[in-house]
Amino acid sequence: MPKDSNGLTLDGQGKPLWLSLELTYRCPLKCSWCNNPLDFDDYAARELTTDEWKRVLRESRELGALQLGFTGGEPLQRPDLEELVAYANELGFYTNLITSGIGLTEERLVALKAAGLKQIQLSLQATEAAVTDALVGATAHERKLDAARRIKAHGFPMVLNMPVFRQNIGMTDAMIAWAAELGIEYIEFANIQYYNWALVNRDELMPTLEQVREAEQVVQRWRDKLGKKMTIYFVIPDYYEGRPKACMNGWGAIHLTIAPDGVAMPCQEARVIPGLEFESVRDKPLAWLWHESPLFRKYRGLDWLPEPCVSCDEKEKDFGGCRCQAFLLTGDAGNTDPACGRSPHHARVREATDTAARPLRFRKPLFKRAAGTVTTAFLED
Ligand code: FES
């Protein structure tokens, strides 16, 4: 693995290979697993202007970024999306739109195609309208399916992204069947990560290990059946893996997120970690933020790793896991991610998975026969 001039280990040769532009946190949906900040309302008035986003695009390209995702919130909430796509395209970016599909009208699709958009990632939550609409808190299902059909009709490469949790994991089979019929080439079953809203609702959302294994078998059957016609990604959630994920391929290694207010971050969740200095592209050049800022250098490379990571032979594979999750579950972002079975805090993850597996407790009928009446009472267990 190469090192930069400061001895920091990087795997993107110092470049932000993947750029994530969170154009806005505004969104017409109310998903209970959303990974936007809990206080996103505070950012609406501070969104970067079109010209400021264009400067971000220029500076990122100069840094060597090649791929980018316009995301949010819902990026279609920005009326300048097409202008930004066209500008990014001119600069030579491979452009992706990451969308719920709400607001993706025919007119906007035509404009995005003309602007040079290369790929669309559309999120679908379920194959039944009642389920989708209940999950996202809006009448959205038909509009999403319609968006999917029109994306295909316009010839965009499309990734169907299904965030996976307890309430929809049983629809894995139906979702693949639907996508195969439409000719979708890529499906990503994204077992949700527990940050922000998803962490608030973790006990309600986490699937059981049994559900995850069943879904994995369903996916394997479809892979065997469809072969090269469809690529299906299904990653076991880190809570059940016993090993941490290589989050962002390492902090400050290849991933650069710009929040709606211009704050540059190594991942979109980083603001959950207190005590770090978050600086905006409004105040500092992007090259300085990426290469020099204390935020990006804090957990970059391997030198900062704690035990047991530092003596672990898998450290170059997972970089100690996710900093945000380490903070959220242990109170210290510098700890080993507790998703790792070798973490001294792994019990916190086990507690969560045990809660997911706990069977529902039903009330017991309690019959009291008194003067010909029957009554019932609730019992704990
Ligand atoms: Fe922030 Fe993993 S989400 S480091």
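Numbering of ligands and ligand atoms starts at 1, following listing order. Bear in mind that the values here come from a model prediction, so they are computed numbers and not experimental data.
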Can you label the angle between the Trp290 ring and the Phe296 ring as parallel, tilted or perpendicular, going by 30° and 60°?
tilted
Sort by chain and number the protein N/O/S atoms found under 2.8 Å from atom 2 (Fe) of ligand 1.
Cys247 SG, Cys322 SG
Membership question, hydrophobic clusters at under 4.5 Å side-chain separation (ILVMFWY): are Val159 and Leu76 in the same one?
no
I'd like to check the side-chain hydrogen bond (donor to acceptor under 3.5 Å, both in side chains) partners of Gln193; sequence neighbours left out, ordered by chain and number.
Lys245
Leu38 CG to Asn196 CG distance, which is reported to the nearest 0.5 Å
5.0 Å
Would you say the side chains of Arg213 and Tyr240 form a donor-acceptor pair under 3.5 Å?
no
Enumerate the atoms of ligand 1 whose separation from the nearest heavy atom of Tyr195 is less than 4.0 angstrom.
2 (Fe), 3 (S)
Of Tyr194, Trp33, Trp197, which is the lone residue that meets ring pair (Phe, Tyr, Trp, His ring centres under 6.0 Å) with Phe165?
Trp33
